[in-house]
Amino acid sequence: PATASLESLERLVEIFEEEIILASSYEDSWENYFQSVTTEINHTHDFSVAILDHLQLSLDERLSDGSRAMLLLVVALATILLLIIWLYLGFYMSTRSTINQLSAAMRQVAAGDMTGRVTVTSRDELGSLAAELNTSIERIQGLIRHVSQTSGQVSDQSSQVVSISTESSRAVEAQRT
């Protein structure tokens with residue numbers, strides 16, 4: 001179509017030169033001139049239509065490729081967003097669970113129950129805090145046992161002192177009489 005259009009344009013130039021510019025007489029009618037020019041211009045018009053059809057197909061293909069790429073990008077972004085939400089919820093639930101366990105153990109200790117422990121499942125700062133709380137509770141239990149033993153020893157020794165004091169008092173009374 002491009003060569004046909006180029007040839008028709010060259011023939012149009014010849015027709016224009018021969019029949020209008022260099023014509024010795026104007027014996028031919030305008031209708032014949034119009035018909036011959038129209039025939040030649042139709043070749044160029046066909047070429048223009050072919051170019052526009054090709055451009056339309058090319059643009060449609062690009063648009064389709066762009067739409068697919070955009071759809072792929074939207075799906076990827078949605079997937080990433082869902083992954084971020086899932087990770088955030090997992091972190092939130094894990095943190096919330098550890099904080100609830102810490103709170104429950106602290107309430108037990110505050111109520112005087114030294115048997116409460118926190119199950120350490122995480123390896124983050126809250127897990128370290130839970131491990132330290134468990135260690136502190138064990139130390140407090142050790143102190144309570146130690147105070148209880150010392151108290152028992154003091155009680156035993158005070159009983160011995162009372163017993164010795166009673167015997168001494170009797171001995172002193174016996175010597176006075």
Side-chain angles (χ1 to χ4, degrees), residues 1-6 8-9 41-172:
T3 55
S5 175
L6 186 58
S8 73
L9 288 175
I41 288 179
N42 280 341
H43 293 295
T44 303
H45 178 68
D46 292 342
F47 178 63
S48 297
V49 168
I51 288 175
L52 290 176
D53 288 343
H54 177 71
L55 287 175
Q56 184 65 40
L57 287 174
S58 178
L59 289 175
D60 287 345
E61 186 178 308
R62 277 184 164 181
L63 182 62
S64 175
D65 290 344
S67 295
R68 276 191 295 258
M70 186 180 294
L71 179 63
L72 182 63
L73 183 62
V74 166
V75 167
L77 287 175
T79 302
I80 290 170
L81 180 65
L82 289 174
L83 180 65
I84 288 171
I85 289 171
W86 181 72
L87 289 173
Y88 175 76
L89 286 175
F91 173 75
Y92 175 77
M93 296 304 286
S94 172
T95 303
R96 180 92 175 155
S97 171
T98 304
I99 289 174
N100 286 341
Q101 288 179 3
L102 283 168
S103 295
M106 287 180 189
R107 277 193 296 277
Q108 281 182 313
V109 170
D113 181 7
M114 295 297 165
T115 60
R117 294 287 184 273
V118 178
T119 305
V120 180
T121 57
S122 63
R123 293 178 290 184
D124 59 357
E125 290 81 7
L126 288 176
S128 297
L129 180 64
E132 288 298 322
L133 178 65
N134 287 339
T135 303
S136 297
I137 292 172
E138 288 172 8
R139 287 181 184 158
I140 291 172
Q141 280 181 326
L143 286 173
I144 290 173
R145 276 195 293 283
H146 182 68
V147 167
S148 177
Q149 289 172 354
T150 305
S151 168
Q153 289 173 354
V154 168
S155 175
D156 290 343
Q157 288 179 358
S158 70
S159 296
Q160 287 177 358
V161 167
V162 168
S163 165
I164 291 171
S165 158
T166 306
E167 284 181 28
S168 294
S169 289
R170 284 186 196 152
V172 169

Rounded to the nearest 0.5 angstrom, the CE-CG distance for Met70 and Leu72 is 11.5 Å
To the nearest 0.5 Å, atom CD of Glu138 lies from atom CG of Leu143 at 12.5 Å
Separation between CG (Leu77) and CG (Leu82), nearest 0.5 Å, reads 11.0 Å
Side chain to side chain donor-acceptor pair (under 3.5 Å) filter on Gln141, not counting sequence neighbours, yields Arg117
- Message: side chain to side chain contact (heavy atoms under 4.5 Å, CB included), that's the test. Do Asp53 and Val49 meet it? Break it down for me.
- Response: CA-CA 6 Å; Asp53 288 343; Val49 168; 3.7 Å; yes
Contacts satisfying side chain to side chain donor-acceptor pair (under 3.5 Å) that involve residues 65-93 (not counting sequence neighbours) are Ser64-Arg68, Asp65-Arg68
Met93 backbone acceptor or donor facing Ser97 side chain under 3.5 Å: no
Here the pair of heavy atoms bringing Ser8 nearest to Thr44 is OG-OG1, 3.2 Å
- Hey, is the main chain of Ser165 close enough, under 3.5 Å, to the side chain of Ser169 for a donor-acceptor pair? yes
Identify every side-chain donor-acceptor pair in residues 151-163 under 3.5 Å, counting partners at least two apart or on other chains, and give the distances.
residue: Ser158; atom: OG; partner: Val154; partner atom: O; Å: 3.3
residue: Ser158; atom: OG; partner: Ser155; partner atom: O; Å: 2.9
residue: Ser159; atom: OG; partner: Ser155; partner atom: O; Å: 3.0

When rounded to the nearest 0.5 Å, the distance separating CG of Leu133 from CE of Met106 is 5.0 Å
Which of Thr98, Asn134, Leu102, Ile99 passes side chain to side chain contact (heavy atoms under 4.5 Å, CB included) with Leu129? It is Leu102
Minimal heavy-atom distance between Ile137 and Met114, with the atoms involved, is CG2-O, 3.3 Å
One should read off an interatomic distance between Ile84 CD1 and Ile80 CD1, to the nearest 0.5 angstrom, of 7.0 Å
To the nearest 0.5 Å, atom CZ of Phe47 lies from atom OG1 of Thr3 at 9.0 Å
Looking only at heavy atoms, the pair that brings Ser5 and His43 closest together is CB-O, 4.2 Å
